[in-house]
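Inspection log for the structure reproduced underneath, given as structure tokens.
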Amino acid sequence: MNAQDRRLPRAADFDAEELLAGIVSWVEMETPSERPDLIDRLLDHVEARFTGLPVSMRRIPGRDGCGGQLVLTYAPGGLNGKPALLMGHIDTVWAAGTLAQRPVRREGDRVFGPGIYDMKAGSYLAAESLRRIAAAGLVPPRPIVVFLNSDEEIGSGTSRETIEELSGGAAFVMVPEPAFEAPGTVVTMRKGWGRFTLKAFGRSSHAGGNLSDGRSAIREIARHILDIEGLTEKEPHATFNVGTVKGGTRPNVVPAEAVIEIDMRADDLATANRLVTTILARRPYDPDIRLEVTGGINRPPFERSPAVARMYAATVDLARELDLPMAETRRGGVSDGNFSAALGLPVIDGLGCNGGGAHAIDEHILVSTIAPRAALFHGMLMSRDFQDKVVAE
Ligand SMILES: [Zn+2]
């Protein structure tokens, strides 16, 4: 441990109530993904907190109906080297007006609010960690970059390019998405996500008068539903869900069209690629029916690569020094960390606060998990020992 590391603050050195007030200020500014005006209002609020500090701010204007994004960079004295990158989203799944029905409220250790757990608490802590380090004039081992995007909940279509650009130039990536399981747990593996649409085109006819002239698209689709869902049992490293089914017009008409939407989750890229080929190659059972299959991988798997394992081992060591609990887990849900991990970067995800109810009306965080995460973020950003272990340069 070097001299700088010996001065790393512990959880008790952080005022959880003060941090909570900052988190709540973000929650009280609603930011549904589809409201660029509200997203930009929160980004203005964030930028104002950095006025006068030696932090560069790059605002990426919104497009395609999405809000803007913000890149904060702290590189004191022209500090060189690949930066530590923190990535969080500020959009939520909650429509404007939700807050009026369900204002922020506290019950003991739990603070409820739309978007507080997924993931305003984590994104706030990321930006605030950078702000405090800059405000104190501390010199970290490498530059710190915080990227706040605004379209994660709808697939990160307008931010993926920036995510990959920033990740590609980073030394390691921290993703403060919600934490799961016991306090202290982080995420070191996420499944990849694929989506497909399968359409069947048959031929309509009168169900009473000339049934045999028809070719039922629903009957065809039904067989594919069973085949595709059956893959979940056959494939140990993937799952399938047919989430929607539509077709037909009325009971006395043989249905000419039917369509299903399929969700695929896969542990590793090899499995994901193989199954994409399998799904896209589906052929009709009935030669008189035409099938149209589209789709593919939306987010590549976040595998527990050697780089991720190395960063986790370093995080365990750092947590021990800081007297913080630490454990790892894997998730079926995806995050923007999937993009970074797929580039081969060291990534630790699930660094946000504990709580529950993501995308649900009981969404909340545990106040007792704020200060430990603040201490961990500060340590990861400021400890040279930690960073030397993570980055094999
Ligand atoms: Zn999230």
Side-chain angles (χ1 to χ4, degrees), residues 23-24 26-27 29-35 38-39 42-43 46 66-70 85-95 98-99 102 104 111-129 146-160 162-164 166-167 173-181 185-193 195 263 265 298-302 328-342 347-366 369-370 373 377:
I23 292 168
V24 168
W26 282 30
V27 175
M29 299 181 79
E30 297 186 296
T31 47
S33 314
E34 65 281 4
R35 285 290 300 272
L38 297 180
I39 298 272
L42 176 55
L43 290 179
V46 176
C66 293
Q69 293 148 32
L70 183 61
L85 172 65
L86 297 98
M87 294 196 312
H89 63 88
I90 60 161
D91 61 322
T92 76
V93 297
W94 300 107
T98 305
L99 200 57
R102 286 190 285 115
V104 174
V111 175
F112 296 80
I116 194 167
Y117 176 56
D118 184 12
M119 61 176 284
K120 282 186 172 164
S123 293
Y124 177 83
L125 287 181
E128 182 64 8
S129 296
V146 172
F147 177 54
L148 300 175
N149 76 344
S150 58
D151 62 349
E152 195 274 345
E153 294 291 3
I154 52 172
S156 303
T158 68
S159 59
R160 180 173 181 169
T162 309
I163 290 166
E164 293 184 333
L166 293 173
S167 297
V173 182
M174 296 163 57
V175 185
E177 283 275 3
F180 294 91
E181 300 176 13
T185 307
V186 298
V187 173
T188 53
M189 193 172 165
R190 290 183 184 273
K191 288 179 191 284
W193 183 29
R195 290 183 65 176
D263 178 296
R265 309 281 163 153
N298 173 285
R299 291 194 211 215
F302 172 165
E328 65 180 320
T329 189
R330 51 191 289 177
R331 301 294 302 172
V334 297
S335 85
D336 287 334
N338 285 59
F339 296 127
S340 311
V347 184
I348 297 286
D349 201 337
L351 279 166
C353 294
N354 283 82
H359 301 195
I361 57 166
D362 63 337
E363 178 168 3
H364 64 275
I365 59 165
L366 303 181
T369 62
I370 296 174
R373 284 312 205 206
F377 285 22

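By convention here, the first residue in the shown sequence is residue 1. From a predicted model like this one, the values you see are computed outputs, not experimental measurements. Start at 1 and go down the list; that is how both ligands and their atoms are numbered.
For H364, the ring pair (Phe, Tyr, Trp, His ring centres under 6.0 Å) partners at least two apart in sequence or on another chain are F112.
Of the candidates L43, I90, I39, L70 forms a side chain to side chain contact (heavy atoms under 4.5 Å, CB included) with just one, namely L43.
The OE2 atom of E177 and the NE2 atom of H89 meet at the Zn ion (ligand 1) at an angle of about 80°, given to 10°.
When distances from the Zn ion (ligand 1) to the N, O or S atoms of D118 are compared, OD1 comes out shortest.
Side-chain contact check for S159 and Q69: no donor-acceptor pair (N or O, by modelled atom type) lies under 3.5 Å.
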Could you go through the side-chain hydrogen bond (donor to acceptor under 3.5 Å, both in side chains) check for T329 and E181 one step at a time?
CA-CA 8 Å; T329 189; E181 300 176 13; 2.7 Å; yes
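Contact annotation: E152 places no N, O or S atom under 2.8 Å from the Zn ion (ligand 1).
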